[in-house]
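See below for the structure under consideration.
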Amino acid sequence: QEQLEESGGGLVQAGGSLRLSCADSGRTFSAYTMGWFRQAPGKEREYVATISWTGATTYVADSVKGRFTIFRDNAKNTVYLQMNSLKPEDTAVYYCAAGIALTTRPEQTDYWGQGTRVTVSS
């Protein structure tokens with residue numbers, strides 16, 4: 001059983017940066033593909049980024065490519081999302097996800113965190 005807890009959200013001005021963290025208190029963190037999804041008010045949850053269990057392979061959505069980076073530290077059971085050049089349209093609740101077969105679809109997630117809110121002001 002994995003338990004995910006996000007942190008690092010907050011209010012930031014457009015153009016600013018935030019780093020989100022997701023700590024896993026379970027025992028098999030390194031076995032999972034990890035990812036980040038986000039959900040803006042009134043919208044469906046959407047894919048942001050994923051990283052393989054080794055950390056060797058990463059994917060990011062086109063909407064954040066070149067601005068967001070996902071990376072993980074298996075020794076710390078933590079995955080991160082570095083967000084630079086933030087835009088107001090990045091405002092959402094960001095969710096950490098773990099899944100053995102996780103790709104870009106939320107339904108492939110085995111475990112979710114509770115979410116952390118990111119607000120980008122213009």
Side-chain angles (χ1 to χ4, degrees):
Q1 183 87 12
E2 308 304 304
Q3 292 184 319
L4 308 177
E5 183 171 0
E6 303 96 333
S7 60
L11 174 64
V12 63
Q13 289 188 331
S17 297
L18 282 175
R19 178 178 290 185
L20 305 183
S21 300
C22 172
D24 180 5
S25 60
R27 298 185 177 183
T28 55
F29 173 79
S30 61
Y32 287 88
T33 295
M34 299 298 296
W36 290 92
F37 290 77
R38 66 186 182 185
Q39 189 164 17
K43 295 188 177 181
E44 294 186 350
R45 193 167 296 191
E46 67 172 359
Y47 167 77
V48 176
T50 46
I51 185 167
S52 63
W53 66 276
T54 64
T57 304
T58 63
Y59 297 98
V60 294
D62 288 342
S63 59
V64 304
K65 195 167 292 183
R67 301 188 297 120
F68 290 13
T69 303
I70 185 171
F71 57 102
R72 67 191 293 166
D73 185 340
N74 285 347
K76 295 183 178 180
N77 280 16
T78 303
V79 62
Y80 304 91
L81 185 69
Q82 178 65 42
M83 305 186 295
N84 299 328
S85 302
L86 282 160
K87 304 176 181 180
E89 51 263 44
D90 294 319
T91 295
V93 177
Y94 284 72
Y95 295 91
C96 179
I100 294 296
L102 181 63
T103 59
T104 64
R105 294 160 51 193
E107 57 267 30
Q108 294 169 322
T109 297
D110 297 319
Y111 300 100
W112 290 104
Q114 82 288 349
T116 185
R117 185 173 302 277
V118 172
T119 303
V120 184
S121 63
S122 56

Inter-residue atom distance Q1.CD - R27.CZ, 0.5 Å rounding: 12.0 Å
Side-chain polar contacts of residues 70-77 - donor-acceptor pairs under 3.5 angstrom, sequence neighbours left out - could you list them?
from : atom 1 : to  : atom 2 : distance (Å)
R72  : NE     : N74 : OD1    : 2.7
R72  : NH1    : Y32 : O      : 2.8
R72  : NH1    : S52 : O      : 2.9
R72  : NH2    : F29 : O      : 3.0
R72  : NH2    : Y32 : O      : 3.2
R72  : NH2    : N74 : OD1    : 3.3
D73  : OD1    : A75 : N      : 3.0
D73  : OD1    : K76 : N      : 3.4
N74  : ND2    : W53 : O      : 3.0
N77  : ND2    : D24 : O      : 3.3
N77  : ND2    : G26 : O      : 3.2

Salt bridge (Lys or Arg N to Asp or Glu O under 4.0 Å) pairs, two or more places apart, involving residues 40-54: R38-E46
Within-4.5 Å side-chain heavy-atom neighbours: F68 and L20: no
Q82: partners by side chain to side chain donor-acceptor pair (under 3.5 Å), with sequence neighbours left out: R19, N84
T58: side chain to side chain donor-acceptor pair (under 3.5 Å) partners, not counting sequence neighbours: none
Nearest atoms (heavy-atom pairs only) where A14 meets S122: CB-CA, 4.3 Å
Pairs involving residues 55-91, ordered by first then second residue, that meet disulfide (SG to SG under 2.5 Å) (sequence neighbours left out): none
Contact check, side chains of W36 and V79, non-hydrogen atoms, under 4.5 Å: yes
By side-chain contact (heavy atoms from CB on, under 4.5 Å) - contacts of A31 (at least two apart): T28
For T50, all residues meeting side chain to side chain donor-acceptor pair (under 3.5 Å), sequence neighbours excluded: Y47
Path from F37 to I51 over hydrophobic side-chain contacts below 4.5 Å: no
Disulfide (SG to SG under 2.5 Å) contacts touching residues 49-101 (sequence neighbours left out): C22-C96
Common cluster, V118/L4, ILVMFWY with side-chain heavy-atom separation under 4.5 Å: yes
Pairs satisfying side chain to side chain donor-acceptor pair (under 3.5 Å), at least one member in residues 109-121, at least two apart: E6-Q114
Backbone N/O of S25 and side chain of Q3: donor-acceptor pair under 3.5 Å: no
Listed partners of R67 passing side-chain contact (heavy atoms from CB on, under 4.5 Å), at least two apart: V64, S85, K87, D90
Non-hydrogen atoms of A40 and A92 that approach each other most closely: N-CB, 3.8 Å
Joint hydrophobic cluster, L86 plus L11, side-chain heavy atoms closer than 4.5 Å: no
Residue pairs fulfilling ring pair (Phe, Tyr, Trp, His ring centres under 6.0 Å) with at least one residue in residues 88-108, sequence neighbours excluded: none
Which residues share a side chain to side chain donor-acceptor pair (under 3.5 Å) with Y80, sequence neighbours left out: none
